[in-house]
A.B. asks: 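Can you read through this structure? Questions will come right after.
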Amino acid sequence: MSVRHPIIGVTGSSGAGTSTALRAFERMCRRLSLKAAIVEGDAFHAYDRDGNRKAIARARIRGEHFSLLGPTANLLSRLETLLRDFGERGTGISRRYLHTEIEGAEVGQAAGTFTPWEPLPAHSDVLFYEGLHGGYVGEDANIVQHMDLLVGVVPIINLEWIQKLRRDTDERGSAPEEVTSTILRRMPDYVNHIAPQFSRTDVNFQRVPLVDTSNPFVVREIPGNEESLVVIHFNDHSRLSSDLDQYEQQIFGAFKSNANTLVVPGDQMETAMEAILLPALEKLIQRRDAAFASLHPSQPPEAA
Ligand SMILES: Nc1ncnc2c1ncn2[C@@H]1O[C@H](COP(=O)(O)OP(=O)(O)OP(=O)(O)O)[C@@H](O)[C@H]1O
Ligand SMILES: O=C(CO)[C@H](O)[C@H](O)COP(=O)(O)O
């Protein structure tokens, strides 16, 4: 955690909608005129697409378990170093994983490769991590301790699978049966390394469809927000305001389902994210500015 250089994490499994949630944070940053450094968790995979296929094949021959959701497939101590560096000095080294031909063509590389490691943009007000391991704790790394705010994005599992299947077949050139076998192979790591993170977040956004999703393994339209509810759960240790009565007033159609849980219509998801997260983002920046002002009474905060 860092007063001077705040770090916000959006954590969730593959296909959960973390990239979609990050867009909401980016819009909040624009409203507050903040410069954000974005770190995609995929940048910290240990292998590129080809290397990953080979690692899977090696593990199969040895009778070992290996998947991208687990620690051995990711450079989690390197991710921790980046977060520590940013928290201490506002700097850090990252890269991007190029999922699609289009992303690759933009930088003259093949899909499934990494861009070179390079420094984060200078003078970023806040770092956003978006990926699989924002709340990870293991022998190799403790990622969650660096988060000033951690948001879980975790649709009900059938919906998560539908979203993944649709996205990977439409945008990443995978066959439906490949996506299904990836989901199966990753399941032990989902249980051991992804699910526990949602008990460490400040808040979880869980989209629940109100339409039939009983066979998620046929490629189909993703249920829309207007066909869903969102269950918003504040963990007991949450650093966010958990004044649910106030959110009930602010968000059309919101109601409390228990003392720590708010339910909103799916089409209010973004309004709810703003109502809950924008004040928290503002508070982190005010805390940073106040700390800077006490150290440097005559300088403007942007010199931090
Ligand atoms: N609220 C939503 N309504 C409809 N579709 C959604 C919603 N949220 C996410 N999706 C869709 O689900 C798919 C997966 O979302 P997204 O790419 O944000 O997942 P992700 O968590 O970033 O996955 P990865 O980490 O694997 O990149 C996308 O096709 C996205 O458009
Ligand atoms: O979403 C993922 C993890 O969050 C992807 O599965 C991972 O980044 C590998 O991508 P690809 O299958 O495109 O090589």
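Order of appearance sets the numbers: ligands from 1, and atoms from 1 within every ligand.
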A.B. asks: So if I count the atoms of ligand 1 from 1 in the order they appear, which ones are less than 4.0 Å from some heavy atom of S13?
C.D. replies: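 Within the 4.0 Å cut-off of S13, ligand 1 contributes 21 (O).
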A.B. asks: Has ligand 1 got any nitrogen or oxygen that is less than 3.5 angstrom from a nitrogen or oxygen of P223?
C.D. replies: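 P223 vs ligand 1: no N/O contact under 3.5 Å.
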A.B. asks: So which atom in E160 and which in V154 form the shortest heavy-atom distance, rounded to 0.1 Å?
C.D. replies: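 Here E160 and V154 meet closest at OE1-CA, 4.4 Å.
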A.B. asks: Could you name the option among E171, R207, R172 that has the heavy atom nearest to atom 27 (O) of ligand 1?
C.D. replies: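 Ranked by closest heavy atom to atom 27 (O) of ligand 1, first place is R172.
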A.B. asks: Please compare E227, K164, R167, H99 and report which has the shortest non-hydrogen distance to atom 26 (O) of ligand 1.
C.D. replies: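 Of the listed residues, R167 has the closest heavy atom.
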A.B. asks: Which option out of E130, Q163, E160 puts a heavy atom nearest to atom 13 (C) of ligand 1?
C.D. replies: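 The nearest heavy atom belongs to Q163.
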A.B. asks: So which heavy atom on L184 is nearest to which on P188, and how close?
C.D. replies: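 Looking at all heavy atoms of both residues, the closest pair is O-CD, 4.1 Å.
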A.B. asks: Which atom pair, heavy atoms only, marks the closest approach of A21 to V10?
C.D. replies: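 Heavy atoms of A21 and V10 come nearest at CB-CG1, 4.0 Å.
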A.B. asks: Just by modelled atom types, is the R89 backbone N or O under 3.5 Å from a matching donor or acceptor in the R4 side chain?
C.D. replies: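 Side chain of R4 to backbone of R89: no pair is present.
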A.B. asks: Checking one residue: W117. Which other hydrophobic residues are in its cluster under the side-chain 4.5 Å linking rule?
C.D. replies: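 Other cluster members: I7, V39, F44, L75, L76, L79, L82, L83, F86, I93, L120, L127, Y129, Y136, V137, I143, V144, M147, L150.
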A.B. asks: Salt-bridge test for E80 and R84: reply yes if a basic N is under 4.0 Å from a carboxylate O, no otherwise.
C.D. replies: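 Looking at R84 together with E80, the answer is yes, because their closest N to O distance falls below 4.0 Å.
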A.B. asks: Taking 4.0 Å as the limit for heavy-atom contacts, which would you say applies to D168 with ligand 2: side chain only, backbone only, both, or neither?
C.D. replies: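 Under 4.0 Å from ligand 2, D168 contributes no heavy atoms.
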A.B. asks: Show which atoms of ligand 1 fall inside a sub-4.0 Å distance from at least one heavy-atom site of I222.
C.D. replies: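 Near I222, meaning under 4.0 Å from one of its heavy atoms, ligand 1 has 4 (C), 5 (N), 11 (C), 12 (O), 29 (O).
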A.B. asks: Number the atoms of ligand 2 from 1 as they appear, then name those within less than 4.0 Å of a heavy atom of R172, with their elements.
C.D. replies: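 With R172 as reference, the close atoms of ligand 2 come out as 1 (O), 2 (C), 5 (C), 13 (O).
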A.B. asks: Taking all non-hydrogen atoms of both residues, which atom of G12 and which atom of T18 are closest, and how far apart?
C.D. replies: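 Nearest pair, atom of G12 first, then T18: N-CG2, 3.4 Å.
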A.B. asks: Heavy-atom pairs closer than 4.0 Å: do any link ligand 1 to the side chain of E226, the backbone, both, or neither?
C.D. replies: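 No part of E226 comes within reach of ligand 1.
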A.B. asks: For atom 9 (C) of ligand 1, which candidate among T20, T11, V154, V10 holds the nearest heavy atom?
C.D. replies: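 Looking at heavy atoms only, T20 sits closest to atom 9 (C) of ligand 1.
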A.B. asks: If you compare all heavy atoms of S14 against all heavy atoms of K164, which two are closest, and at what distance to 0.1 Å?
C.D. replies: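 Smallest heavy-atom distance, with atoms named: OG-NZ, 2.9 Å.
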A.B. asks: Considering non-hydrogen atoms of the protein only, which is the closest contact for atom 22 (O) of ligand 1, and what is the distance?
C.D. replies: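 Answer, as residue, atom name and distance: S19 OG, 2.3 Å.
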A.B. asks: Output a table of donor-acceptor pairs, distance under 3.5 Å, between side-chain atoms of residues 273-287 and any protein atom two or more places apart or on a different chain; print 'none' if there are none.
C.D. replies:
unit_1	atom_1	unit_2	atom_2	d
E274	OE1	R31	NH1	2.4
R287	NH2	S2	O	3.4
R287	NH2	D148	OD1	3.2

A.B. asks: Considering all heavy atoms of both residues, which atom of P176 and which atom of T169 are nearest to each other, and what is their separation?
C.D. replies: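 For P176 versus T169, the nearest heavy atoms are N-CG2, 3.8 Å.
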A.B. asks: Please indicate, with yes or no, if any protein heavy atom is found under 4.0 Å from atom 17 (O) of ligand 1?
C.D. replies: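 Under the 4.0 Å cut-off, atom 17 (O) of ligand 1 does have protein heavy-atom neighbours.
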A.B. asks: What atoms of ligand 1 come closer than 4.0 angstrom to any heavy atom of A16?
C.D. replies: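 Answer, ordered by atom number: 19 (O), 21 (O).
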A.B. asks: Can you tell me if H133 has a non-hydrogen atom under 4.0 Å from ligand 2?
C.D. replies: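 The answer is no: ligand 2 sits nowhere under 4.0 Å from a heavy atom of H133.
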A.B. asks: What protein heavy atom is closest to atom 19 (O) of ligand 1, reported as residue, atom name and distance in Å?
C.D. replies: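 I find the closest protein heavy atom is G17 N, 3.1 Å.
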A.B. asks: Counting N and O atoms only, with roles assigned by atom type, does the side chain of T100 sit under 3.5 Å from a partner on the main chain of E103, one being a donor and the other an acceptor?
C.D. replies: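 Between the backbone of E103 and the side chain of T100 there is a qualifying donor-acceptor contact (under 3.5 Å).
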A.B. asks: Taking 4.0 Å as the limit for heavy-atom contacts, which would you say applies to E40 with ligand 2: side chain only, backbone only, both, or neither?
C.D. replies: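 Neither; nothing of E40 gets under 4.0 Å from ligand 2.
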A.B. asks: Show your working on side chain to side chain contact (heavy atoms under 4.5 Å, CB included) between F198 and T11 and close with a plain yes or no.
C.D. replies: CA-CA 8 Å; F198 302 118; T11 198; 4.2 Å; yes
A.B. asks: For ligand 2, which atoms sit closer than 4.0 Å to a heavy atom of Y97?
C.D. replies: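 With Y97 as reference, the close atoms of ligand 2 come out as 10 (O), 11 (P), 14 (O).
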A.B. asks: Show your working on side-chain hydrogen bond (donor to acceptor under 3.5 Å, both in side chains) between D212 and S214 and close with a plain yes or no.
C.D. replies: CA-CA 6 Å; D212 177 54; S214 45; 2.6 Å; yes
A.B. asks: Compute the shortest N/O to N/O distance between G224 and ligand 1 and return yes if it is under 3.5 Å, no if not.
C.D. replies: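 It does not: no N or O of G224 is found under 3.5 Å from an N or O of ligand 1.
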A.B. asks: If you have a sec, work out which protein heavy atom is nearest atom 13 (O) of ligand 2 and how many Å separate them, to one decimal?
C.D. replies: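 It is R49 NH2, 2.8 Å.
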A.B. asks: Among protein heavy atoms, which lies nearest atom 1 (O) of ligand 2, and at what distance?
C.D. replies: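 Here the closest protein heavy atom is S14 OG, 2.8 Å.
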A.B. asks: Nearest protein heavy-atom contact for atom 4 (O) of ligand 2: which residue, which atom, what distance?
C.D. replies: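 Its nearest protein heavy-atom neighbour is D42 OD1, 3.3 Å.
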A.B. asks: Which residue supplies the protein heavy atom nearest to atom 6 (O) of ligand 2, what is that atom called, and how far is it?
C.D. replies: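 Answer, as residue, atom name and distance: R186 NH2, 2.8 Å.
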A.B. asks: Heavy atom under 4.0 Å from ligand 2: found in L68's side chain, backbone, both, or neither?
C.D. replies: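 For L68, the contact with ligand 2 is made by the side chain alone.
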A.B. asks: So is there a nitrogen or oxygen of G15 less than 3.5 Å from a nitrogen or oxygen in ligand 1?
C.D. replies: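 Yes; the residue has a nitrogen or oxygen that sits under 3.5 Å from a nitrogen or oxygen of the ligand.
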A.B. asks: Within a distance under 4.0 Å of any heavy atom of N225, pick out the atoms of ligand 1 and give their elements.
C.D. replies: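 That gives atoms 1 (N), 2 (C), 3 (N) of ligand 1.
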A.B. asks: Looking only at side chains, do N52 and H45 share a donor and an acceptor under 3.5 Å apart?
C.D. replies: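 N52 vs H45: no donor-acceptor pair found between side chains.
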A.B. asks: With a 4.0 Å cut-off, would you call R166 and E221 a salt bridge?
C.D. replies: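 A salt bridge links R166 with E221.
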